[in-house]
Amino acid sequence: AQSEMTRFAFALFGYIFFDTVLTMVMIPYNALASELTLNYQERTSLTSIRMFFSMASSLVCAVVPMEIVKAFPDVREGHVVMGVAFGLLFALPYIATFFTTRERTEFQKEAPPFTFRETYLAPFRIRSFVLVLLMYLFSFLSMDVVMSIIIYYMTYYLGRGSESNYVFGTLLVVQMLAIPLYYYISRRASKKAGLVAALASWLVIMLFSVFIGPGQHPAWIYAFAACVGFSTSGVVVMIYSMFPDVPDVDELVSGTRREGVYMGMFVFMRKLSSAFAIFIISQAISFAGYLPPRSETVDGAVKTVNQAQPELFVTILRVIFAAAPAVLLLAGLYAASRYRLSPEVHGRLKNFLITRRGGSPSTELAAEEKELRSILV
């Protein structure tokens, strides 16, 4: 028992340490996009490239690690080699970024004194920030719902648990391939248009999941995964393209650049909402009577055997899989309908900020500030 507690303590410490480091990396990583370019369309271009490599790395991480482990006769040695290889693969780009990026000279000003109210409460008075945050949370919570129960759905409803990795791989591949289309929509219309198209198509697809059953041809399952990947690609690219525009609106209000504050708020709210959603789903699954796999010894080897689930569990599983994302996506669409930072408005905002940074106040500038505030704040 003492040994188990020691292992649990080390595992908990490792998770907390990893999550802390990841958060420290993700905040400046996402904040960089606001300064790499001030152009509305170029931000979408940068985000599209970034998401392509992110999705490609997810695909690599889903396939390659165990292949490296299996290449060694000693599994422990294989895990060490795999850990070192992927540690270098992901650490070196961060080191290169640190030594090759610089802050824009026009933003190199002394930060205002820290106050809790201005840092953590004032952003919620800016409508554009609140709407982007809601779109982000609702759409990504939909992903959390799907990803947290997809194994149960594939195993206990469709009876194809062994194919889960292939289904997830199909989703990731289509996500990557769909990025150029959403970039095109963003350039031809706006980021909002791309996001609305992605959310609406994903909503329809999730509702169609009620027609997928265990007796159907496997091609329907992979087609469904491909359609989900097509829609979620637009959600991810468009949301992360909208992030860099929020600090511009904040500069209109506060007169300072606070990219880190806003990215910190996005990351914190995302982690908080995700933890809450997964807790609720786990409680719902437990309430439905989920029976965990049991261990059996066969010919001296311990094997894990899935148990037959009660009908109530399968019913609730199907309802959660289709209805929960649909409700969240509808909420995301409502938030998107109220978002007004179009390419034209951002162009006006960008020109206003450049003029105001130059220090030449005028009556026309004051009138423009008032109108932009009425639209965005």
(request) Verify the neighbour count for atom OH of Tyr120: are there more than 12 heavy atoms of other residues, nucleotides or ligands below 6.0 Å? (result) no

(request) Could you tell me the separation between the CZ atom of Phe107 and the OG atom of Ser34, rounded to the nearest 0.5 Å? (result) 8.5 Å

(request) Would you check if the distance from the ring center of Phe140 to the ring center of Tyr136 is below 6.0 Å? (result) yes

(request) Determine, stepwise, if the pair Tyr152 / Tyr290 fulfils ring pair (Phe, Tyr, Trp, His ring centres under 6.0 Å). (result) CA-CA 10 Å; Tyr152 300 101; Tyr290 170 66; 5.2 Å; yes

(message) Tell me whether Glu344 is salt-bridged to Arg348, with the criterion being a basic N under 4.0 Å from an acidic carboxylate O.
(response) no

(request) Would you check if there is a donor-acceptor pair between the side chains of Arg356 and Asn351 at a distance under 3.5 Å? (result) no

(request) Please answer whether the main-chain N or O of Ile278 pairs with a side-chain N or O of Ser282 as donor and acceptor at a distance below 3.5 Å. (result) yes

(request) Identify whether Phe276 and Val327 are in the same connected component of the hydrophobic contact network (ILVMFWY, side-chain heavy atoms under 4.5 Å). (result) no

(request) May I ask you to decide if Leu32's main-chain N or O and Glu35's side chain share a donor-acceptor pair within less than 3.5 Å? (result) no

(request) For Glu163, check salt bridge (charged side-chain N to carboxylate O under 4.0 Å, His left out) against everything at least two apart and list the hits. (result) Arg160

(request) Check whether Leu330 and Leu195 end up in the same hydrophobic cluster, where Ile, Leu, Val, Met, Phe, Trp and Tyr are linked by side-chain heavy atoms less than 4.5 Å apart. (result) yes

(message) Nearest 0.5 angstrom please: Phe168 CZ to Leu59 CG, how far?
(response) 9.0 Å

(request) Could you tell me whether the side chain of Ser45 and the main chain of Gln41 form a donor-acceptor pair under 3.5 Å? (result) no

(message) Would you say the rings of Tyr262 and Phe243 are close, in the sense that their centroids are separated by under 6.0 Å?
(response) no

(message) So, taking the atom named CG in Leu38 and the one named CG in Leu353, what distance separates them when rounded to the nearest 0.5 Å?
(response) 9.0 Å

(message) Can you tell me which residue among Ile320, Val314, Val319 is in a side chain to side chain contact (heavy atoms under 4.5 Å, CB included) with Ile316?
(response) Ile320

(request) State, with a plain yes or no, whether a side-chain heavy atom of Lys370 is found less than 4.5 Å away from one of Arg373. (result) no

(message) When you measure from the side chain of Gln175 to the backbone of Val236, do you find a donor-acceptor pair of N or O atoms at a distance under 3.5 Å?
(response) no

(message) Assess the residue pair Phe208 and Phe211 against the criterion (ring pair (Phe, Tyr, Trp, His ring centres under 6.0 Å)); give the C-alpha distance rounded to whole Å, side-chain angles, the decisive distance to 0.1 Å, and a yes or no.
(response) CA-CA 6 Å; Phe208 266 98; Phe211 299 107; 5.7 Å; yes

(message) Quiz question: by atom type and distance under 3.5 Å, do the side chains of Ser342 and Ser190 form a donor-acceptor pair?
(response) no

(request) Look up atom CE in Met135 and atom CG in Leu133, then write down how far apart they are to the nearest 0.5 Å. (result) 9.5 Å

(message) Check for me, please, whether Met24 and Met265 land in the same ILVMFWY cluster - side-chain distances under 4.5 Å, paths through other members count.
(response) no

(request) Please identify each residue that fulfils side-chain contact (heavy atoms from CB on, under 4.5 Å) with Arg117, with sequence neighbours left out. (result) Leu121, Arg125

(message) Measuring only between side-chain heavy atoms, which start at C-beta, is Ser139 closer than 4.5 Å to Ile239?
(response) yes

(message) Any salt bridge linking Arg270 with Asp144? Criterion: basic side-chain nitrogen under 4.0 Å from a carboxylate oxygen.
(response) yes

(request) Verify, without hydrogens or angle tests, whether Arg340 (side chain) and Leu376 (backbone) share a donor-acceptor contact under 3.5 angstrom. (result) no

(request) Kindly say whether Glu311 contributes a backbone atom to a donor-acceptor pair with the side chain of Thr315 at under 3.5 angstrom? (result) yes

(request) Locate the shortest heavy-atom distance separating Ala308 from Leu291; write the atom from each residue and the value. (result) O-CD1, 3.4 Å

(message) Assigning hydrophobic clusters by single linkage (Ile, Leu, Val, Met, Phe, Trp, Tyr; side-chain heavy-atom cutoff under 4.5 Å), is Leu203 placed with Val210?
(response) no

(request) Determine whether Trp202 and Met206 make a side-chain contact, defined as any pair of heavy atoms from C-beta on separated by less than 4.5 Å. (result) yes

(request) Kindly give the heavy-atom pair with the smallest separation between Phe224 and Ile205, and that separation in Å. (result) CE1-O, 3.4 Å

(request) Please step through side-chain contact (heavy atoms from CB on, under 4.5 Å) for the pair Tyr334 and Arg338, ending with a clear verdict. (result) CA-CA 7 Å; Tyr334 175 75; Arg338 298 174 60 85; 3.6 Å; yes

(message) Please say yes or no: joined through hydrophobic side-chain contacts below 4.5 Å, possibly via intermediate residues, are Leu372 and Val253 part of one cluster?
(response) yes

(request) List the steps, then state whether side-chain contact (heavy atoms from CB on, under 4.5 Å) holds for Arg127 with Val377. (result) CA-CA 5 Å; Arg127 184 169 66 247; Val377 182; 5.9 Å; no

(request) Measure across Ala178 and Phe230 and return the closest heavy-atom pair with its distance rounded to 0.1 Å. (result) CB-CD1, 3.7 Å

(request) Mind listing the closest non-hydrogen atom pair of Val237 and Ser48 along with its distance? (result) CG1-OG, 3.6 Å

(message) Could you check whether any side-chain heavy atom of Ile221 comes within less than 4.5 Å of a side-chain heavy atom of Met154, counting everything from C-beta outward?
(response) yes

(request) Return yes if some donor-acceptor pair links the side-chain N/O of Glu118 with the main-chain N/O of Phe116 below 3.5 Å, else return no. (result) no

(message) Set out, in order, the CA-CA distance, both residues' side-chain angles and the distance that settles salt bridge (Lys or Arg N to Asp or Glu O under 4.0 Å) for Asp245 and Lys350, then state yes or no.
(response) CA-CA 10 Å; Asp245 301 331; Lys350 175 185 170 184; over 6 Å; no

(message) Pair Arg357, Glu251 - check side-chain contact (heavy atoms from CB on, under 4.5 Å), show working.
(response) CA-CA 10 Å; Arg357 290 186 204 119; Glu251 186 181 358; 2.8 Å; yes

(message) Using 0.5 Å steps for rounding, measure from the CG atom of Leu333 to the CG atom of Leu199.
(response) 5.0 Å

(request) Using the ring of Tyr339 (Phe, Tyr or Trp, six-membered ring only), decide whether Lys191 places NZ or CZ under 6.0 Å from its centre and within 45 degrees of its axis. (result) no

(request) Look only at the side chain of Ser54 and the backbone of Arg50, and say whether a donor-acceptor pair between them is shorter than 3.5 Å. (result) no

(request) Kindly say whether Val228 contributes a backbone atom to a donor-acceptor pair with the side chain of Ser231 at under 3.5 angstrom? (result) no

(message) Is the distance from the ring center of Tyr240 to that of Phe266 below 6.0 Å?
(response) no

(message) Checking the side chain of Ser374 only, and the main-chain atoms of Glu371 only, is there a donor and an acceptor separated by less than 3.5 Å?
(response) yes

(request) Measure across Leu171 and Thr232 and return the closest heavy-atom pair with its distance rounded to 0.1 Å. (result) CD2-OG1, 4.4 Å

(request) Answer yes when Asp250 and Arg257 have at least one side-chain N-carboxylate O distance shorter than 4.0 Å, and no when they do not. (result) no

(message) Before you tell me yes or no, could you show the steps for Arg43 and His346 under side-chain contact (heavy atoms from CB on, under 4.5 Å), namely the whole-Å CA-CA distance, both residues' side-chain angles and the distance that decides it to 0.1 Å?
(response) CA-CA 12 Å; Arg43 285 173 172 172; His346 186 270; 3.4 Å; yes

(request) May I ask you to check whether over 12 heavy atoms, not counting those of Phe114, lie within 6.0 Å of atom CZ? (result) yes

(request) To the nearest 0.5 angstrom, please state how far the CD1 atom of Ile49 sits from the OG1 atom of Thr44. (result) 11.0 Å

(request) Would you check if Ile27 and Phe268 make a side-chain contact, meaning some heavy-atom pair closer than 4.5 Å? (result) no

(message) Show the nearest heavy-atom pair for residues Thr155 and Gly161, with the distance to one decimal.
(response) OG1-CA, 3.4 Å

(message) Side chains of Met238 and Thr47, heavy atoms from C-beta outward: is any pair under 4.5 Å?
(response) no

